[in-house]
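Notes follow the structure.
Heavy-atom basis, side chains included; hydrogens, waters and symmetry copies ignored. Each chain gets a letter, A, B and so on, in the order its sequence line appears, and its residues count up from 1.
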Number of protein chains: 2
Amino acid sequence: MADTSTAPGNEALLFLTDDQLRKGIEAMFFAYRGFTADPDRILAEKSYGRAHHRAVHFINRSPGTTVNNLLSILGVTKQSLNRVLRTLIDDGLVDSRIGTKDKRERHLFLTETGAELEAELSTAQRNRMRAAFRQVGPDAVIGFRQVLEAMMDNDMRRHYTRLREATE
Amino acid sequence: MADTSTAPGNEALLFLTDDQLRKGIEAMFFAYRGFTADPDRILAEKSYGRAHHRAVHFINRSPGTTVNNLLSILGVTKQSLNRVLRTLIDDGLVDSRIGTKDKRERHLFLTETGAELEAELSTAQRNRMRAAFRQVGPDAVIGFRQVLEAMMDNDMRRHYTRLREATE
DNA sequence: CATTTTATGTCAGCCTTGTTGACATTCCAA
DNA sequence: TTGGAATGTCAACAAGGCTGACATAAAATG
């Protein structure tokens with residue numbers, strides 16, 4: 001039943017069987033639920049959603065980033081992002097400053113309140129990640145990241161790498 | 001700046017720094033986009049969504065599963081699932097059979113057409129997973145799954161494990 | 001300088017997929 | 001026989017995607 005389309009006939013490639021691949025797929029599905037569960041609970045209390053979390057996260061990571069840059073990281077339309085940004089700005093979590101060099105651009109910053117929310121969300125998310133990392137050890141963590149990085153689209157990997165360059 | 005809340009003061013735990021954890025978080029975010037990108041394109045052509053993919057995937061994995069079981073795997077409300085199932089049944093992708101033992105239950109099966117869609121979607125998703133796995137090698141794959149499994153909520157891990165038991 | 005392009009905002013409307021609440025039906029089980 | 005479980009269905013609503021259209025300001029280009 002299993003392994004019809006990609007029988008490797010090679011023991012060294014047994015991790016590429018359809019069963020192994022499906023296992024990876026389902027692991028991603030169930031793990032992503034866990035990955036978002038803790039922030040989701042916090043957000044729900046404050047009647048925000050994942051979209052707000054994403055915006056706040058990346059503004060925190062790249063203070064002063066422009067709307068356009070955020071759009072390309074998040075991969076949504078400006079209308080969609082705008083709705084989320086608007087509520088964050090109106091609620092005083094995000095500060096939008098007109099660019100000095102190019103006055104069409106808006107540069108986005110977290111306010112103190114915004115930074116507090118970001119900290120609360122990312123602490124919750126880091127706690128789970130830390131528990132998982134601690135449980136499995138550093139070698140597994142390296143493998144984890146290698147697979148994830150190999151699974152990204154090129155433009156997403158570009159953003160991912162760029163974020164690393166800025167801070168590490 | 002980095003590592004304020006969890007400075008380990010221990011080189012062996014450097015993979016638990018806030019920077020490393022954030023790296024894992026962002027890797028999850030960007031990789032999940034890639035993970036869903038290919039199926040999403042196929043689904044969009046047929047005017048289905050991810051919800052349909054999920055339903056079709058798990059019905060394929062556990063033919064004859066009940067609506068209630070599917071609900072607990074997917075973690076949505078019956079009304080939400082029902083809407084998706086209805087379109088799949090109406091479109092002839094899913095067969096819903098009244099239980100013989102308990103006639104209140106509906107047992108769900110993919111029709112031939114449903115199985116074709118499932119195959120198309122999972123082939124696309126496996127292709128990306130296979131490319132990533134092949135690129136990084138079996139040790140990384142083991143680590144990848146260890147971290148994901150450690151990150152799951154307990155009830156999700158239960159479902160994940162149960163699926164493995166049935167087929168492997 | 002005139003024109004075009006870019007960056008952004010905003011309005012309106014639509015879709016999917018999630019939610020809650022209410023209520024009907026069927027039927028197993030105590 | 002009655003209570004509760006499994007399911008279906010209707011209605012309403014919200015978040016957060018999407019498209020299209022249009023306005024504005026400013027940069028870039030001819």
Side-chain angles (χ1 to χ4, degrees), chain A residues 29 32-33 36-37 39-59 64-91 94-109, chain B residues 29 32-33 36-37 39-59 64-91 94-109:
Chain A
F29 173 73
Y32 200 78
R33 298 272 293 279
T36 56
D40 280 354
R41 269 189 290 272
I42 296 169
L43 290 159
E45 283 171 22
K46 311 190 190 297
S47 48
Y48 288 125
R50 266 184 218 175
H52 302 87
H53 184 189
R54 292 194 283 263
V56 161
H57 175 94
F58 287 109
I59 294 171
T65 187
T66 62
V67 173
N68 243 17
N69 181 46
L70 208 48
L71 280 180
S72 103
I73 288 179
L74 298 176
V76 298
T77 59
K78 60 173 182 173
Q79 293 90 332
S80 197
L81 175 59
N82 190 255
R83 180 167 38 199
V84 168
L85 277 182
R86 181 105 322 270
T87 72
L88 291 173
I89 293 167
D90 290 351
D91 293 356
V94 166
D95 192 10
S96 167
R97 301 184 202 154
I98 293 177
T100 49
K101 197 184 163 190
D102 183 336
K103 295 180 188 171
R104 289 168 307 179
E105 294 182 342
R106 301 296 187 278
H107 297 278
L108 304 169
F109 300 86
Chain B
F29 173 73
Y32 200 78
R33 299 272 295 279
T36 56
D40 280 354
R41 268 189 291 273
I42 296 168
L43 290 158
E45 283 171 21
K46 311 189 190 294
S47 47
Y48 288 125
R50 265 185 218 176
H52 302 87
H53 184 190
R54 291 194 284 264
V56 160
H57 175 94
F58 287 110
I59 294 171
T65 187
T66 63
V67 172
N68 241 19
N69 181 46
L70 208 47
L71 280 178
S72 103
I73 288 179
L74 297 176
V76 298
T77 59
K78 61 175 181 172
Q79 293 89 334
S80 194
L81 175 58
N82 191 257
R83 182 167 35 199
V84 167
L85 278 181
R86 181 103 325 269
T87 71
L88 291 173
I89 293 166
D90 289 351
D91 294 356
V94 166
D95 192 10
S96 166
R97 301 182 202 157
I98 294 176
T100 49
K101 196 184 164 191
D102 184 337
K103 295 181 188 170
R104 290 167 304 180
E105 293 183 342
R106 302 293 186 278
H107 297 278
L108 304 169
F109 300 86

Can you find a donor-acceptor pair, distance only, under 3.5 Å between [X] side chain and [N] base?
X	N	result
A:Arg104	D:dA27	no
A:Gln79	D:dG16	no
B:Lys103	C:dT26	no
B:Arg83	C:dG18	yes
B:Arg106	D:dT7	no

Report the distance from atom [atom1] of [X] to atom [atom2] of [N], rounded to the nearest whole Å.
X	N	atom1	atom2	value
A:Lys78	C:dT10	NZ	C1'	9 Å
B:Leu85	C:dT16	CG	P	16 Å
A:Leu88	D:dG16	CG	P	10 Å
B:Leu70	D:dT7	CG	P	10 Å
A:Arg33	C:dG18	CZ	P	10 Å
B:Glu105	D:dT7	CD	C1'	10 Å
A:Asp102	C:dT8	CG	P	8 Å
B:Leu81	C:dT20	CG	C1'	16 Å

Once you round to the nearest 0.5 Å, how far does CZ of A:Phe109 lie from OG1 of A:Thr65?
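Output value for this atom pair is 9.5 Å.
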Under 4.0 Å: is that the gap between some side-chain N or O of [X] and OP1 or OP2 of [N]?
X	N	result
B:Asn82	D:dT7	no
B:Asn68	D:dT7	yes
B:Thr77	C:dT19	yes

Single hit among A:Val56, A:Asp40, A:Asp91, A:Val84 for side chain to side chain contact (heavy atoms under 4.5 Å, CB included) with A:Tyr48
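Among A:Val56, A:Asp40, A:Asp91, A:Val84, the one meeting side chain to side chain contact (heavy atoms under 4.5 Å, CB included) with A:Tyr48 is A:Asp91.
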Quick one: sort the A:His57 and A:His53 rings into parallel, tilted or perpendicular, breaks at 30° and 60°.
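The arrangement is perpendicular - the two ring planes meet at more than 60°.
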Parallel, tilted or perpendicular for A:Phe29 and B:Phe58, by the 30°/60° rule?
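Tilted, since the angle between the ring planes falls between 30° and 60°.
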Nearest to side-chain heavy atoms of B:Val67, which nucleotide of D:dG17, C:dT19, D:dT7
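Given the options D:dG17, C:dT19, D:dT7, the side chain of B:Val67 is closest to D:dT7.
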Does the side chain of A:Thr87 pick up a donor-acceptor pair with the side chain of A:His52 at under 3.5 Å?
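Judged by distance alone, the side chains do pair up.
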Counting only non-hydrogen atoms, which of residues 48-55 of chain B are less than 4.0 Å from DNA chain D?
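Nothing qualifies; none.
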Nearest heavy-atom neighbours spanning [X] and [Y]:
X	Y	answer
B:Ser96	B:Leu108	CB-CD2, 3.9 Å
A:Ile98	A:Lys103	CG2-O, 3.2 Å
B:Gly99	B:His107	CA-CD2, 3.3 Å

Starting at the 5' end of DNA chain D, which residue's closest nucleotide do you reach first, A:Gly75 or A:Ser47?
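Per heavy-atom nearest nucleotide, the more 5' residue is A:Ser47.
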